[in-house]
Colleague: 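Just dropping this structure here.
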2 protein chains.
Amino acid sequence: MNQSDRSARVRLVDVARAAGVSKTTVSDALNGTGRLPAATREHVQRVARSLGYRPNATARLLRAGHTRLIGVAAREHVETPWVYAELAYFVQLVTATTRAALVHGYGVVLLPTTGPGDCWLDMPLDGVFVVDPVEGDPMVGDFLAAGVPVVSDRRALKEVASGTKEAGRWVDFDYGSAARQVLDHLEDAGAERVAVVAAATTACFHQQSVDAYLDWCAERGREPRIAYLQGPGIQNVLDAVEGLIDDADALFTLVEGSPALLLDTIRKFGRSVPDDLLLVCTTEDPTALYTDPPVSTLSYLPDETAQAAVALLVDSIEGRAGDHGRLFSADFQIRASSVAPGRGPARRTAASPLTPG
Amino acid sequence: MNQSDRSARVRLVDVARAAGVSKTTVSDALNGTGRLPAATREHVQRVARSLGYRPNATARLLRAGHTRLIGVAAREHVETPWVYAELAYFVQLVTATTRAALVHGYGVVLLPTTGPGDCWLDMPLDGVFVVDPVEGDPMVGDFLAAGVPVVSDRRALKEVASGTKEAGRWVDFDYGSAARQVLDHLEDAGAERVAVVAAATTACFHQQSVDAYLDWCAERGREPRIAYLQGPGIQNVLDAVEGLIDDADALFTLVEGSPALLLDTIRKFGRSVPDDLLLVCTTEDPTALYTDPPVSTLSYLPDETAQAAVALLVDSIEGRAGDHGRLFSADFQIRASSVAPGRGPARRTAASPLTPG
DNA sequence: TTGAAAGCGCTACCAC
DNA sequence: GTGGTAGCGCTTTCAA
């Protein structure tokens, strides 16, 4: 009853009939294949156009054996679907993934992070990029078991029973050393009470970063000062900052928040950056460059990551060998917000040690 | 040669053979259709699982005659693909579209805004939502001609030769009156030299907003003060503000920019909001609420728009009659940034006239 | 040069 | 209850 246009839709065979040729000839004429006289080809093309013929995409995909579609899912906040899209990191990652996929001739499907069981398997995907899987994330296993190539992080791949033929490839960061790099920098800049704002999630990034922080504190016999956000949203971030700020001389945020707004808030509490509070934000928000003072940032390179992920995925899909994975180093940009002015330049160079040159 | 896993992939017929039943029985057992004894059903399911069988999504889609996939394209910056994703408006729109689509059982494909000819027609889509089409946008016409249901804005639909059977449905705003509402408010608040920051694009929103501004100025015999951004990026916005600010007592931005950063920049130029410069931003950035002062915003309701668009699209796809379109009113939230403190409350009520209640 | 026919993998109709 | 078989719309091999 519905799908009323089904009958109205002109098919290959309709064109063939109208042009007085066979389906083969139409297909060849339209796809530039076969060896047809130019006259036939043009005639068929004219008829096809006049009928408004459009090949059915699904049918060609079935025939072709692939869909040229890859899925992308950001899993960090599985329980609150899609709020993560408000975070600049994921937005840039998805954006860059789309751009990279296009270059390789693939389209991108936004995967639901929730839904009935393994509904994601119903989508006609050639491969998937699972970003920030949570602990024991079922999505990675589901796709791998279904024989769909996956790119994700190493932990997620390791968790999956390695019996599957396709092991999955990975894109990863050493989150722990990135965090230590920031913490060391803050210590060098004179901070003694570094506070951290983290999210309550089992995504690799947060777990490893927090672990690194706790270890770092333990090594120094310092008491950790950490606030776990219970959900996304600006108010949560500002509240967390408020709770930590009185007893801290440096703030390292693992969650995204507008740098300009963060500075405003800190100012409102009577503190001043960098004079009596150093600030480093994990963020992709480009406004960090333009604030007063400019804010030091730790970036997890969404563009580079996405490009590598897509390249890896496409290799996997198209049966090329290629690398098993790519390990990246986070990009730490030191700006005025984390350099105490009275103390002169920090002992470490301002250039990121992990990304020399 | 590639697609090496093709042969490895277990198909329905493999399961049937292994279970010693027919394809039909397997299909019925796995899909819960038909009337099979529980024993058979379970046996088949067990065999299927042990073989790691996964139905081929493309094949079921071909059979079903639909793909449960809708495309979404944001066309405002066709020439610079995907930079628009950095804008909160599009991000929220795509996010909300994805969420709404999921509710209706559809997945979302991010459409390339560029690429060889009508490459978008190769994707197996049931329908598309074309956001902010540019003037004479080919994408809308392509899809309509191909018989793919489209939701876009009224202008885009009107531009297409109306000979097609499916006319397309629309979601729209009266951009002109929204702009006038803001301008009138600024005038009421005492502004005499309202400057506008716009983008150089032929998207309906910008064209109509700018036209409304020019008309509004002409009616008052005022000289328009307007800056057209030549591209996205923060620096462009800040430069535009710098160019306008000296000769303005109110600023109305049509392009997105971090409210907090905008305030900082204005402060840097020695101006103060709202004391000697009123500010209204067209933005979805929720930080506008938390700045000091909070910034007045004009919102084009991405969530509501997306929900309506998806509902309209799904109606169209599934052959239901439903509405032809939905006209929305922008949401103007007046906050401290556009209320001159010395002059007392503005003459107009602070509640948005367009969204009473 | 052209066309008939065999599928791609699945679901559903309809006999058995 | 179960299983042939037709067919979704296309491409491609192969025979004419």
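In what follows, chains are A, B, ... by sequence order, proteins preceding strands, each numbered from 1. Here the structure is a predicted model, which means the values were calculated and not measured.
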Colleague: Can you check whether B/P302's main-chain N or O pairs, donor with acceptor, with B/Q92's side chain at less than 3.5 Å?
Modeller: no
Colleague: Any chance the side chains of B/T95 and B/T98 put a donor and an acceptor closer than 3.5 Å?
Modeller: no
Colleague: Grab the CZ-P distance between B/R54 and C/dC10 for me, whole Å please.
Modeller: 12 Å
Colleague: Is it true that B/E318 and B/R68 make a salt bridge, defined as a side-chain N closer than 4.0 Å to a carboxylate O?
Modeller: yes
Colleague: On DNA chain D, nearest-nucleotide positions of B/T25 versus B/A59: which is more 5'?
Modeller: B/T25
Colleague: Answer yes or no: is there an ion pair linking B/R60 with A/D122, defined by an N-O contact shorter than 4.0 Å?
Modeller: yes
Colleague: Which heavy atom of B/P133 sits nearest a heavy atom of B/D153, and at what distance?
Modeller: CD-OD2, 3.4 Å
Colleague: Measure from CG on B/L62 to P on C/dG7 and round the result to the nearest Å.
Modeller: 17 Å
Colleague: When we call it a touch if two heavy atoms are under 4.0 Å apart, what does B/L36 touch: a base, just sugar-phosphate, or nothing?
Modeller: sugar-phosphate
Colleague: Base, sugar-phosphate, or nothing: which does B/T58 touch, judged by heavy atoms less than 4.0 Å apart?
Modeller: nothing
Colleague: Any Lys/Arg nitrogen of B/E42 or B/R49 sitting under 4.0 Å from an Asp/Glu carboxylate oxygen of the other?
Modeller: no
Colleague: Between A/S22 and B/R60, which has a closest nucleotide on DNA chain C that is more 5'?
Modeller: A/S22
Colleague: Could you state the NE2-P distance from B/H66 to C/dC10, rounded to the nearest angstrom?
Modeller: 16 Å
Colleague: Rounded to the Å, how far apart are A/R35 CZ and C/dT2 C1'?
Modeller: 12 Å
Colleague: Which atoms of nucleotides 12-16 of chain D (N or O only) lie under 3.5 Å from a protein N or O atom, and what are those distances?
Modeller:
from   : atom 1 : to    : atom 2 : distance (Å)
D/dT12 : O4'    : A/R63 : NH1    : 3.3
D/dT12 : O4     : A/T24 : OG1    : 3.1

Colleague: Report yes if a side-chain nitrogen or oxygen of A/Y53 is closer than 4.0 Å to either non-bridging phosphate oxygen (OP1 or OP2) of D/dC10; otherwise report no.
Modeller: yes
Colleague: Could you state the CG-C1' distance from B/L12 to D/dT5, rounded to the nearest angstrom?
Modeller: 14 Å
Colleague: Dump the intermediate steps for side-chain contact (heavy atoms from CB on, under 4.5 Å) on A/T58 and B/T58, then the final yes or no.
Modeller: CA-CA 7 Å; A/T58 311; B/T58 311; 4.2 Å; yes
Colleague: Could you state the atom-to-atom distance from CZ of A/R11 to C1' of D/dG7 in whole Å?
Modeller: 11 Å
Colleague: What is the distance from CG of B/L121 to P of D/dC10, rounded to the nearest Å?
Modeller: 13 Å
Colleague: Closest approach to the side chain of A/N56, judged atom by atom: which nucleotide of D/dG3, D/dG9, C/dT11 is it?
Modeller: D/dG9
